[in-house]
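Please read the structure below before turning to the comments.
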Amino acid sequence: MKKLIVNLDENFKKHEDITKKTLKNLEKLFDLKNKYIEVYLVGKKFMEKNVLSFPAPKDFPRPDVKNYETLGEIYLNPLYIESHSEDFIFILVHGFLHLLGYDHKIKSEAIIMEVKENEIMAQLEKINGKQ
């Protein structure tokens, strides 16, 4: 998987490292070798939410990343996440699942997404325990 992580605040360095590690581990869990993803670490001037995900439209042209399918963009606000006592990795996984087509607009979708989030978090814990 090819990834671009853009850190808009020097105070988010630890979040940048966690993001890199988590994406690397997600790569182990999913077939992502020909995929491209962008993750932006932003502050409250940019957004006052924990996460926004923007899946790339099918066949979205990206001449700058030839030979890769673009999954989309995830925007994370580490300060918001921390101030609301949320788990940064969980929120990253949540945003990632949106790029894969998961959603929570209706209860049945929310249940499916929640099960998948918990499954991935358990798998990530196992991977991190091995390192």
Side-chain angles (χ1 to χ4, degrees):
M1 173 171 59
K2 183 175 177 131
K3 46 200 158 290
L4 172 67
I5 300 170
V6 178
N7 181 354
L8 298 181
D9 187 322
E10 64 185 42
N11 295 318
F12 299 157
K13 179 64 178 145
K14 84 171 185 184
H15 298 93
E16 184 179 342
D17 295 339
I18 293 168
T19 300
K20 287 177 186 175
K21 183 178 180 182
T22 302
L23 290 176
K24 183 178 177 186
N25 289 334
L26 287 171
E27 206 173 344
K28 295 175 184 177
L29 300 176
F30 294 87
D31 182 20
L32 301 173
K33 66 180 174 188
N34 294 321
K35 309 294 186 200
Y36 174 73
I37 187 171
E38 294 179 4
V39 178
Y40 295 84
L41 303 174
V42 303
K44 70 178 184 177
K45 287 182 182 178
F46 189 84
M47 68 178 200
E48 292 198 35
K49 301 182 107 178
N50 54 3
V51 63
L52 288 174
S53 295
F54 299 99
K58 288 284 183 214
D59 301 319
F60 187 72
R62 287 294 303 259
D64 56 327
V65 287
K66 292 177 184 170
N67 304 319
Y68 289 91
E69 177 190 344
T70 302
L71 292 177
E73 303 170 355
I74 300 171
Y75 293 81
L76 297 161
N77 182 338
L79 295 176
Y80 184 97
I81 293 167
E82 286 179 359
S83 70
H84 287 81
S85 301
E86 297 173 326
D87 181 277
F88 182 83
I89 294 172
F90 181 85
I91 299 299
L92 174 56
V93 167
H94 181 88
F96 175 76
L97 285 176
H98 277 299
L99 298 186
L100 297 183
Y102 289 85
D103 212 335
H104 47 79
K105 290 180 182 171
I106 60 174
K107 188 169 180 89
S108 60
E109 290 177 341
I111 291 168
I112 292 168
M113 187 170 184
E114 186 177 320
V115 167
K116 192 66 173 177
E117 287 167 337
N118 291 330
E119 181 183 295
I120 291 169
M121 291 301 291
Q123 291 173 316
L124 291 175
E125 285 181 30
K126 284 182 185 177
I127 290 170
N128 289 329
K130 292 179 184 176
Q131 293 177 350

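Because the structure is a prediction, the values reported are computed rather than measured.
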Is [Y] reachable from [X] through a run of I, L, V, M, F, W or Y residues, each pair having side-chain heavy atoms under 4.5 Å apart?
X	Y	value
Ile5	Val93	yes
Leu29	Met121	yes
Leu4	Leu26	no
Met113	Ile111	no
Val39	Tyr68	no

Looking only at heavy atoms, which two atoms of [X] and [Y] are closest? And how far apart?
X	Y	result
Ile37	Met1	CG2-SD, 3.7 Å
Glu38	Tyr40	OE1-OH, 2.6 Å
Leu71	Leu32	CD1-CD2, 4.3 Å
Leu76	Ile74	CG-CG2, 3.9 Å
Asp9	Asn7	O-OD1, 2.6 Å
Leu99	Glu73	CD2-O, 3.7 Å

Next item on the list: Inspect the contact between Asp17 and Lys21 and indicate whether a charged nitrogen and a carboxylate oxygen are less than 4.0 angstrom apart.
Entry: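 Salt bridge: no.
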
Notebook entry, point to check: Looking at Lys116 and Glu119, does any basic side-chain N land under 4.0 Å from a carboxylate oxygen?
Noted result: yes

If you define the side chain from C-beta out and look only at heavy atoms, does anything of [X] sit under 4.5 Å from [Y]?
X	Y	answer
Glu16	Leu41	yes
Ile120	Leu97	yes
His104	His98	yes
Leu92	Ile18	no

Distance-only criterion, 3.5 Å: show the donor-acceptor pairs between side-chain atoms of residues 42-56 and protein atoms not counting sequence neighbours.
| from | atom 1 | to | atom 2 | distance (Å) |
| --- | --- | --- | --- | --- |
| Asn50 | ND2 | Glu86 | OE1 | 3.2 |
| Asn50 | ND2 | Glu86 | OE2 | 3.3 |
| Ser53 | OG | Gly95 | O | 2.9 |

Check: Once the angle between the rings of Phe12 and His15 is folded into 0 to 90°, is it parallel (under 30°), tilted (30 to 60°) or perpendicular (over 60°)?
Finding: perpendicular

With rounding to the nearest 0.5 angstrom, report the [atom1] to [atom2] distance, [X] to [Y].
X	Y	atom1	atom2	answer
Tyr75	Leu8	OH	CG	9.0 Å
Glu82	Phe88	CD	CZ	8.5 Å
Asn25	Glu27	CG	CD	9.5 Å
Lys35	Leu23	NZ	CG	15.0 Å

Item checked: Co-members of the apolar cluster containing Ile106 [side chain, <4.5 Å] ->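 Members other than Ile106 - counting any ILVMFWY side chain reachable under 4.5 Å - there are none.
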
Next item on the list: For atom CG of Asp64, decide whether the heavy atoms of other residues, nucleotides or ligands shown that lie under 6.0 angstrom number more than 12.
Entry: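 For Asp64, atom CG is crowded (more than 12 foreign heavy atoms under 6.0 Å).
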
